[in-house]
Q: 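Here it is, the structure in full.
Hydrogens, waters and symmetry mates play no part in the numbers below; they use all other heavy atoms, side chains included.
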Number of protein chains: 2
Amino acid sequence: MTNSDDVGLERSSAQFSLSVLLQRKLEKLILDGELKPGDKLNELELSKRFGTSRGPIREAMQNLCARGLAEAVRNRGVFVRTITPVEAFELYDVRAALFGLAGRLLTDRIDDAILKKLYDYVEDMDRLAQAQQYSDYYRTNLEFHDYLVRSAGNKMLVREYHSFVDRLHLCRMRGLVNSGALTISNREHAEMIDAAASGNNQRAQETFFRHVARAKLRFRSSLEEAGLT
Amino acid sequence: MTNSDDVGLERSSAQFSLSVLLQRKLEKLILDGELKPGDKLNELELSKRFGTSRGPIREAMQNLCARGLAEAVRNRGVFVRTITPVEAFELYDVRAALFGLAGRLLTDRIDDAILKKLYDYVEDMDRLAQAQQYSDYYRTNLEFHDYLVRSAGNKMLVREYHSFVDRLHLCRMRGLVNSGALTISNREHAEMIDAAASGNNQRAQETFFRHVARAKLRFRSSLEEAGLT
DNA sequence: CCGTATTTGTCCGTATGTATG
DNA sequence: ACATACATACGGACAAATACG
């Protein structure tokens, strides 16, 4: 029983434990949308699919639960986490706070090399927005924010920020982008860079915070338009 | 083999899975300092101690690892997380950001009932500081901050804030309190309440943020005094 | 450098609890 | 309401990797 998902071969290097590899695979399945919120994570099915026993599967699922991507119901199983609108708003607020911290910290570390890379990102996104290449814009946008957070020089923050971005992916609605919104969003990006370059760390924090706060408002609006209030 | 730590009896209600109960027990052992940073979490020893098999123990340890209280080294075992000074500073910064968010959110929700309770806390702490009852002050201080965060009305924030406070407990040095510091700290508490009551949520956020930032500075100073730079 | 002791990693069997007809 | 089927929770045993003498 060796199928395409089998983890045996790539594990031959034995650098990571099986449960860690499975955890990453499951995480990918969830974030890629192959497993949707509410879907059940069946131990037996997954163990057959990945060619392992159920032990490592269970450990991987525990890990996913601890990180908020899944939730366990006793004697019933583990399910992909369902994020309610209220919880999504909460996630946005925490993400805003974390991102704001990134802005505050970045202010004390920013240099010409970082600045150039940031402006390159914004330029790229401007081009992609005008070309209406939404998918590429989306990806570059994520990279830009990721680079900002990593440049803040706080590993705990990076880890935590990603945890919240991942959870927000659980309720990300596709197709709520339009060219106008992208251009506006990108103007905010330039403002953030300027704020970080100004040396005023409190201002930078607030600017970064509000960028995510606006994303929250756009998300709320899109929910209301969809009649999901 | 039934000893005092056996979880069999209290599990009769069967409301929680064994791994969850074990996770809580291990967490308590770590936070109470019975298991110190760097200590090994021996599967066999723990399974005998708690009267269970290794499966649930492993799942509980996975959970602790995911929450940053322990870390696993492949083929060597799981150890209580050791927090380096640099990591502690990082934790303080993230905690500051989360606490700042609490201040910002609280500003929009504060009412007379909350306000009264907050001032009661400060009064209690003033009394305890003057009486030099450090232990009681410490406990009340934790409760005060906990109440502030819970009053912000964001469950994700509460959960995340506690996660960071717990991790900071791993490197909390005892005996770095003195009556003067407590009085100063408590003055900051009153300032935070005033800021939240002012209705200016940005100001509140900054005030809350700086309260933790100052705690970070005090922590850094105490490390330097101890020659741990 | 090798053998041994120890611990982890993995797998499977059984019992218990849950959903469904 | 009862019985059946199924998934999970837990325990135990074997295999593999590592540390230490």
Q: Do the side-chain N and O atoms of A/Arg139 and A/Ser135 include a donor-acceptor pair separated by under 3.5 angstrom?
A: no

Q: Considering every strand shown, what is the Watson-Crick or G-U wobble mate of C/dT4 when both distances are under 3.5 Å?
A: D/dA19

Q: With a 3.5 angstrom cut-off on both distances, give the Watson-Crick or G-U wobble partner of D/dG11, or none if there isn't one.
A: C/dC12

Q: Is it true that, when you exclude A/Asp111 itself, more than 12 heavy atoms of the residues, nucleotides or ligands shown sit nearer than 6.0 Å to its CG?
A: yes

Q: For A/Ile57 and C/dC11, what is the distance between atoms CD1 and P respectively, to the nearest whole Å?
A: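 Taking CD1 of A/Ile57 and P of C/dC11, I get 10 Å after rounding.
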
Q: Just by modelled atom types, is the A/Lys155 backbone N or O under 3.5 Å from a matching donor or acceptor in the B/Glu90 side chain?
A: yes

Q: Figure out the CG/C1' separation between B/Leu46 and D/dG11, and round it to whole Å.
A: 17 Å

Q: Can A/Arg167 and A/Ser163 be counted as having a side-chain donor-acceptor contact under 3.5 angstrom?
A: yes

Q: Would you indicate, yes or no, if D/dG11 has its OP1 or OP2 atom less than 4.0 angstrom from a side-chain nitrogen or oxygen of B/Ser53?
A: yes

Q: Could you go step by step and tell me if A/Arg81 and A/Glu87 meet the salt bridge (Lys or Arg N to Asp or Glu O under 4.0 Å) rule?
A: CA-CA 11 Å; A/Arg81 185 85 151 83; A/Glu87 288 171 325; 3.4 Å; yes

Q: Let me know the distance between CG of A/Leu18 and C1' of D/dA16, rounded to the nearest Å.
A: 13 Å

Q: Quick test: give all pairs of protein nitrogen or oxygen and nucleotides 1-4 of chain D nitrogen or oxygen below 3.5 Å, distance rounded to 0.1 Å.
A:
none

Q: Drop me the distance from B/Leu69's CG to B/Leu35's CG, to the nearest 0.5 angstrom.
A: 11.0 Å

Q: Quick check, are the ring centers of B/Phe99 and B/Phe209 under 6.0 angstrom apart?
A: no

Q: Where do N or O atoms of nucleotides 1-8 of chain C meet protein N or O atoms at under 3.5 Å, pair by pair?
A:
from	atom 1	to	atom 2	distance (Å)
C/dT7	OP1	B/Asn42	ND2	3.4

Q: Does a side chain donor of either B/His162 or B/Asp166 reach within less than 3.5 Å of an acceptor in the other side chain?
A: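 Short answer, no.
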
